[in-house]
Every structure is written in C-alpha cells, then in structure tokens.
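Note that this is a predicted model, so its numbers are computed, not measured. Within every chain, numbering begins at 1; the chains are lettered A, B, ... in the order of the sequence lines, protein sequences first and strands thereafter.
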Number of protein chains: 2
Amino acid sequence: MNIGEVAKAAGLPVKTIRYYEEIGLVRPTRSENGYRVFAEADLHKLNFLGRSRALGFSIGDCRALLALYEDETRSSSEVREIAERHLANIEGKIADLQSLRDTLAHLVASCAGDARPDCPILDNLSGD
Amino acid sequence: MNIGEVAKAAGLPVKTIRYYEEIGLVRPTRSENGYRVFAEADLHKLNFLGRSRALGFSIGDCRALLALYEDETRSSSEVREIAERHLANIEGKIADLQSLRDTLAHLVASCAGDARPDCPILDNLSGD
DNA sequence: CCTTGACCTTCCAGTTACTGGAACCTTTAT
DNA sequence: ATAAAGGTTCCAGTAACTGGAAGGTCAAGG
C-alpha cells in the first residue's frame, strides 16, 4: 500500500504517518521509485497508534504501549501502569478545568454584558 | 523596579516577563545600564496578565482583555463575550476529558495488572 | 583594588505533535 | 502530450514559554 491508501485505511493524515515514520513509530519499506510501501502489519500499527492517540496517550506512551503489544513476554501490569498514570493525569486536568469553569461561570454571571463599561470580570482580573 | 523585583511581586518568572515584553504585552523603559525598569502600572499589568493566564485565557485573549481594561469606553459585553467563549471552550474540553476518563477507567478496571501478558487494554487498542 | 555572587543582558535551541507550503518527481488517464 | 493525482524532501510555524550559554553590572567584603 502507498501512503495515501494506508492513511485512508487508518484514518490518519498522510502528514502524520510521515511524521510517525520520522520518529520511528513505523518503518515502511520503499519501492524503487522511492514511494513508501506499507504492509498489513504497518496498517495494524497505525490503527493501534490512532486509537492510542485518540485516548490521549502521549507519543512516548504510544511507543511504550506498542512495544508492550509486540512483546509476548510482557506483563499486563506494565500496560496497566501506563494507563493508570494517564488516567490520573486526565483526572487532574478535569479537576483543574472544573475549578476554572466554576470561577469563570461566576464571573460571567456577574457581568451585565451590556453597553456600560462596568465589568466585574475586569475588576477581578485587575485584583478587585 | 528591576525585573527580578517585579517578577517576585507579580508572581511570574523573569523569563515570562521578558517574553511578555517581546510580544508587546508590557513596555518597560530602560535605565542607562540597559536594565529594564518597571513602573507601578507595569506591575499592575503583569498582575492582570498573571490572573488572566491563570484563568486559562490565551495570550490573544489576555491582550484583548488588557486593551478593554484600559479602554474607558468599553462595553462590558465585549469582555463578557471573550469570557463566554473561553468558558464554552473549557466546558468542551471537560466533556472530552470526561469521555476519555470513562473509557480509560473501564479499560484499567478490566485489566488484571499482574504478571501475565493477557491485557484487555492492548486488545482494545489493537482493535479487539 | 580585587573578587565573589547576585542580577542583569541577548540570543539560540528545545518543548508537543503535528500542519502547511514550496519545489520537484512519478504514475495514470485522457 | 499533457494534466491531474499522488508521491518525495525540506523548511517553517504553531503556544507559551523554558533552559542554557556567554557576557555586562553592581554592591559587599577582605
């Protein structure tokens, strides 16, 4: 398969796949004309990467997950650890954002949002 | 005030303040030796920026908010619009992260996390 | 007077994970 | 013959800083 075909099949942009090759996540061969040639295994890897990224795993995590996936002697605890760390991370982000949201919601609610210049939002930002 | 002093007062890293000058958010004068000199108004601005950034506003939004803050003829609706857009943005992010979290939590819960290689997390990533 | 240490300066590179674009080559269809 | 569609490489840009190198300035101590 050429890159366009594999991109469509994996649901990833062509550019992204080239980038993944550049950082060593996939290693397509090359045909005589210099075009990348992807095997089924490469497509499988790209699907794996697409799903991992969609779950928010960093490229580093994806690399580790892929290595574990290909390591028959892995222990599931290694995988789980990565996922747990990521989960904790996400929960932290959610908490941060919720706190931001609450603050912002209060500020927005307190602001008339009309033609007058008085604005509790600006008052708050400027230190009350 | 020199940059170190104002940094401490505003609770921002020195590097950040230099960066803010570079992108035109503050315009300290210079003393004869080339050192930046910050007035009270600059400190006030930096505090404003610090609070805005802490609420998650982008630099672009911060610039707009600062301009509105300094514009006596503003209407509070302009401020409120920026805040509302930001709030909606954050709510979108929260929803995305919550969905990720739910998926991840299920996956983590389904994985034994022991010495064996069987792993529902990897199964899921590889397309079941 | 000299040195030491704390500040200050500028400039360059790196971070994350791509994305856009230019310049150019290959293949396929008309 | 040519034009469209697809491929190639390489460079630059994104957001908002952050780290580090090389070097100037200033106040205090011996």
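Pairs passing the salt bridge (charged side-chain N to carboxylate O under 4.0 Å, His left out) check and including a residue from residues 32-50 of chain A, sequence neighbours excluded, read A:E21-A:R36, A:K45-A:E70.
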Give every pair of a protein N or O atom and an N or O atom of nucleotides 13-16 of chain D that lie under 3.5 Å apart, one pair per line with the distance.
unit_1	atom_1	unit_2	atom_2	d
D:dA16	OP1	B:I59	N	3.1
D:dA16	O3'	B:R53	NH2	3.4

Which atoms of nucleotides 22-24 of chain D (N or O only) lie under 3.5 Å from a protein N or O atom, and what are those distances?
unit_1	atom_1	unit_2	atom_2	d
D:dG24	N2	B:Y35	OH	3.0

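Scored by the ring pair (Phe, Tyr, Trp, His ring centres under 6.0 Å) test, A:F57 finds A:H86 as partners (sequence neighbours excluded). Here B:D128 pairs with nothing under the side-chain hydrogen bond (donor to acceptor under 3.5 Å, both in side chains) rule; sequence neighbours left out. Remark: B:S58 pairs with no residue by the side-chain hydrogen bond (donor to acceptor under 3.5 Å, both in side chains) rule, at least two apart or across chains. With sequence neighbours excluded, no residue satisfies ring pair (Phe, Tyr, Trp, His ring centres under 6.0 Å) with A:Y19. Legend: residues meeting side-chain hydrogen bond (donor to acceptor under 3.5 Å, both in side chains) with B:S76, ordered by chain and number and at least two apart, are A:D114.
For the helix from C:dC1-D:dG30 to C:dT30-D:dA1, the axis fitted to the five pairs at one end and the axis fitted to the five pairs at the other end meet at an angle of 30° (nearest 10 degrees).
A heavy atom lying under 4.0 Å from DNA chain C marks none of the residues of residues 82-104 of chain B. A heavy atom lying under 4.0 Å from DNA chain D marks the following residues of residues 1-18 of chain B, by number: B:P13, B:K15, B:T16.
The side-chain heavy atoms of B:I59 and B:R53, taken from C-beta on, include a pair separated by under 4.5 Å. Put simply, the side chain of B:V79 does not reach to within 4.5 Å of the side chain of B:Y69, judged on heavy atoms.
Nucleotides of DNA chain C that come within less than 4.0 Å of any heavy atom of chain A span, from the 5' end to the 3' end, C:dA17 to C:dT27.
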